[in-house]
Protein chains: 2
Amino acid sequence: MPREKVKMAYINDINARKASFNKRKKSIFKKVSELTILCGIQACAIIQNPFDFQIEVWPNPERVDQVIERYQNTSLINESRNMNQESFFIQRISKAQQKLHNLRKDNYEKKITLAMFEYIQTRKLPENLTIEDLKVMDDIREKYMKEIENKKAILY
Amino acid sequence: MPREKVKMAYINDINARKASFNKRKKSIFKKVSELTILCGIQACAIIQNPFDFQIEVWPNPERVDQVIERYQNTSLINESRNMNQESFFIQRISKAQQKLHNLRKDNYEKKITLAMFEYIQTRKLPENLTIEDLKVMDDIREKYMKEIENKKAILY
DNA sequence: TGCCCTATGCTTAGTTT
DNA sequence: TAAACTAAGCATAGGGC
């Protein structure tokens, strides 16, 4: 009895899906490995394993990070290729300004955070805090609480 | 005449290498695509194209960034799985201390950099600089020069 | 469950166009 | 240079254990 051609769709049977996943993952990693050897290049593959909540990579975390970094650097260069010089630089400047803004905000938040620690440790409010500072402290507290909530969602 | 089995080694002939690269890249992307459909997962592949100095990705830059981010978040969790709780926290603390050290160093370097600006703008050396400060200024200058050199190497 | 087997279909090196 | 072809080798779904 000749097997039917497999339909390209989600495999409902969990055992069949697990078997297929393991076989195909192995062969993808092998193919990527072959390509890097045959053509003398760098490459990587990142595959989410649906059965043990891990993410599997080829060849190894260190090299994957290298490839990712190179990719992310190169995408910047490609951006510039696809635009005329002027609009590229306008975007770059705008991004740099955004970064500067974020750095300043970050710095301000760090100062305020230190003030909060001082308050906690000395059990008295520092004298030179303004109403504005107290408002920012609330913002930061909310931000940190959200971050902690997100980390919980990831960890458990 | 039966073809010989291909040796798993760098293909010297450029045309053969180019043909092989394109065929194999296409099929890897296809295989990764099939895996994501069959198993309902996320995955990506990042391949350096040796012929046009680009880096090619599957499925697209946006999703690749998503997969990368998820991978980098998860690797933290895996760290904790592969260790007992105690050594995990020891490592975490050690990393946090390293980060604090770097933040302090960064802060110090920023102070010194401001001092350098002051020197440039006023054309006279600030009075409260120590020999140690001057030494650090040299280190920073060297560091920045190296960074600029690296960016040049990437951009041109 | 996971491993091995095998028939079928897919991939691909080398060739032709 | 690239696209199409083809034979050989490879991948893999399904079955057996």
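Naming: A, B, ... by sequence-line order, numbering from 1 per chain. All values derive from a computational prediction rather than experimental measurement. Side-chain atoms are counted along with the backbone in the values below, which use heavy atoms only and exclude waters and symmetry mates.
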Residue among A:D65, A:I55, A:I68, A:V64 satisfying side-chain contact (heavy atoms from CB on, under 4.5 Å) with B:I68: A:I68
The side chain of A:K23 lies closest to which of these nucleotides: C:dT1, C:dT12, C:dC5? C:dC5
B:K18 side, atom NZ; A:C39 side, atom SG - distance, nearest 0.5 Å: 11.5 Å
A:F29 CZ to D:dT12 P, straight-line distance once rounded to whole Å: 13 Å
Interatomic distance where NZ belongs to A:K30 and P belongs to D:dC10 [whole Å]: 7 Å
So, OP1 or OP2 of D:dT12: does either fall under 4.0 Å of a side-chain N or O from B:K31? yes
Walking DNA chain D from its 5' end, the first of B:L38 and B:N15 to be reached, judged by nearest nucleotide, is B:N15
Connected via hydrophobic side-chain network under 4.5 Å: B:I47 and B:M8: no
Sugar-phosphate only, base, or nothing, as touched by A:K26 at under 4.0 Å among non-hydrogen atoms: nothing
Between P on D:dG14 and CG on A:D13, what's the gap in Å once rounded to a whole number? 9 Å
Remember a base hit wins even if backbone is also touched, and classify A:N22 as base, sugar-phosphate or nothing at under 4.0 Å, heavy atoms. nothing
The test is side-chain contact (heavy atoms from CB on, under 4.5 Å); show your working for B:Y10 and B:R17 and say whether it passes. CA-CA 8 Å; B:Y10 182 74; B:R17 195 164 71 249; 2.8 Å; yes
Compare side-chain N and O positions of B:K18 against OP1 and OP2 of D:dA2 and report whether any pair is under 4.0 Å apart. no
Look at A:S27 and D:dC10 and indicate whether a side-chain polar atom (N or O) is within less than 4.0 Å of OP1 or OP2. no
Hydrogens and angles aside, do A:E56 and A:N49 bring a side-chain donor and acceptor to less than 3.5 Å of each other? yes
Whole angstrom is fine here: how far is it from CD1 in B:I14 over to C1' in D:dT1? 13 Å
Report the distance from atom CZ of A:F21 to atom C1' of D:dT12, rounded to the nearest whole Å. 15 Å
Residue A:R24, side-chain heavy atoms: nucleotide from C:dC10, C:dT12, D:dA13 that is nearest: D:dA13
With heavy atoms under 4.0 Å as the rule, sort A:K7 into base, sugar-phosphate or nothing. nothing
Could you state the CZ-P distance from A:R17 to D:dA13, rounded to the nearest angstrom? 13 Å
Whole angstroms only, please: what is the CD1-P distance between A:I28 and D:dC10? 18 Å
Provide, to the nearest angstrom, the distance between the CG atom belonging to B:N12 and the P atom belonging to C:dA13. 15 Å
